[in-house]
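Have a look at the structure below before the remarks.
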Number of protein chains: 2
Amino acid sequence: MEKDSDRICLCPLEGIITTIAKKWAILIISILGHHERLRFNDIMEILGGISPKSLTDTLKELQREGLIQREAFPEIPPRVEYSLTEDGRQLCEAIVPLVRWAEKRDNLPAKTCHATCGFSEGCPSRREGR
Amino acid sequence: MEKDSDRICLCPLEGIITTIAKKWAILIISILGHHERLRFNDIMEILGGISPKSLTDTLKELQREGLIQREAFPEIPPRVEYSLTEDGRQLCEAIVPLVRWAEKRDNLPAKTCHATCGFSEGCPSRREGR
DNA sequence: CTGTATCCCCAGAGATACTG
DNA sequence: CAGTATCTCTGGGGATACAG
């Protein structure tokens, strides 16, 4: 029997993978996937350890790729909210099998996830019933 | 209705993505996915433009991650063959939805694939009936 | 609060020559 | 044939200070 991977070429990934592989990108996407909308400093705190420059750079790239969207409110002090686009949400869906595979490989200790992404309560990997 | 991505945390990817995002890694995996077993210089030719050092580095990393395997034959001149491990093949399977998503996003011009990965005849993206 | 503006560092990647 | 040994360069990423 023929598997999907027998016919597939991984080349289309070349473009997007350089984006989603950037240091914090996946984490940011994951976080936004769980929180719906977040402000700049919220993301900084959750990530814990990222510099404002790195965060700005990453957010801009994700935005340029159409994975997240930025909404600025003309207030003082300024308020800006980030959220996933529809495309970004579809990415999350498309990436599920890959995550499952990675979890299986690593034998997924839930605490590792906690340590890596900084989720304390909200991280799905720490919930029951998986 | 709840989607898979509502519950999933992308953190487990952190480890593997730094490997498979390395410049040539995905391409090599894809190529090995299509050719079963290949020798060092064969890979170099197919990729076209990679330096021996970069290829060596990448192959070693992929091997260390258990995605490909190396078989050396004690002959003169030496012969070494690379192939995907079972884990590597499973990666190919797991990555299919992501590739489909990327193709859809990019509106997949088949020639782009050709240009990127160097497949001339063998590239599935150039076949009919997709 | 939400970012810029600078400066610095180092690992990834290329080019090239050479070896068992 | 299948790499190794060097050298170099670029840019991603961190730290820090400052601005609108």
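To find a chain, count down the sequence lines: A is the first, B the second, and so on, and within it residues start at 1. For clarity, every value in this text was computed on a predicted model and none was experimentally measured.
The closest donor-acceptor contact from the side chain of His34(B) to the backbone of Ile8(A) lies under 3.5 Å.
Set against dG3(C), dG14(C), dG14(D), the side chain of Trp24(A) has dG14(D) as its closest nucleotide.
Residue-environment remark: CD (Glu75(A)) exceeds the threshold of 12 foreign heavy atoms within 6.0 Å.
Contacts with DNA chain D (heavy atom under 4.0 Å) in residues 65-79 of chain B: Arg70(B), Pro77(B), Pro78(B), Arg79(B), listed by number.
Summarising the geometry, the separation between CG on Leu38(A) and P on dT2(C) is reported as 11 Å, rounded to the nearest angstrom. Between the NZ atom of Lys23(B) and the C1' atom of dC9(D) there is a distance of 13 Å, rounded to whole Å. The distance from atom CD of Glu61(A) to atom C1' of dG13(D) is 13 Å, rounded to the nearest whole Å. In this structure, NZ of Lys53(A) is placed 7 Å from C1' of dG12(D), rounded to the nearest angstrom. Here the C1' atom of nucleotide dG14(C) and the CG atom of Asp57(B) are 11 Å apart, to the nearest Å. Between Asn41(A) atom CG and dT4(C) atom P the separation is 13 Å, expressed in whole Å. Here dG3(C) presents its C1' atom at 8 Å from NZ of Lys60(A), a figure rounded to the nearest Å. We find that CD1 of Ile50(B) is positioned 14 Å from P of dG12(C), with the value rounded to whole Å.
When the side-chain nitrogen and oxygen atoms of Ser54(B) are compared with OP1 and OP2 of dG14(C), one or more of them lie within a distance under 4.0 Å. One finds no side-chain N or O of Tyr82(A) lying less than 4.0 angstrom from the OP1 or OP2 phosphate oxygen of dC1(C). Considering only side-chain N and O atoms, Arg39(A) lies nowhere under 4.0 angstrom from the phosphate OP1 or OP2 of dC1(C).
Mapping Thr58(A) and Leu59(B) onto DNA chain D by nearest heavy atom places Leu59(B) at the nucleotide closer to the 5' end.
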Stepwise side-chain contact (heavy atoms from CB on, under 4.5 Å) check, Ile31(A) with His35(A):
CA-CA 6 Å; Ile31(A) 290 172; His35(A) 289 80; 3.8 Å; yes
Test side-chain contact (heavy atoms from CB on, under 4.5 Å) on Leu91(B) and Ile16(B); report intermediate values, then the result.
CA-CA 10 Å; Leu91(B) 167 60; Ile16(B) 196 62; 5.6 Å; no
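Looking at every heavy atom in both residues, Cys92(A) comes nearest to Leu84(A) through SG-CD1, 4.0 Å. In this structure, Ser30(A) and Leu10(B) approach most closely via the heavy-atom pair OG-N, 3.1 Å. Between Glu14(A) and Ile26(B), the shortest heavy-atom distance links the atoms OE2-CB, 3.9 Å. Listed here is the closest heavy atom pair of Tyr82(A) and Leu32(A): O-CD2, 3.5 Å.
Among the atoms of the strands shown, only primed sugar atoms or phosphate atoms (P, OP1, OP2) are found under 4.0 Å from some heavy atom of Lys22(B).
Bending across the helix from dC1(C)-dG20(D) to dG20(C)-dC1(D), expressed as the angle between its end axes from five pairs apiece, amounts to 50° (10° rounding).
Partners of Glu71(A) under the salt bridge (Lys or Arg N to Asp or Glu O under 4.0 Å) rule, at least two apart in sequence or in another chain, are Arg37(A).
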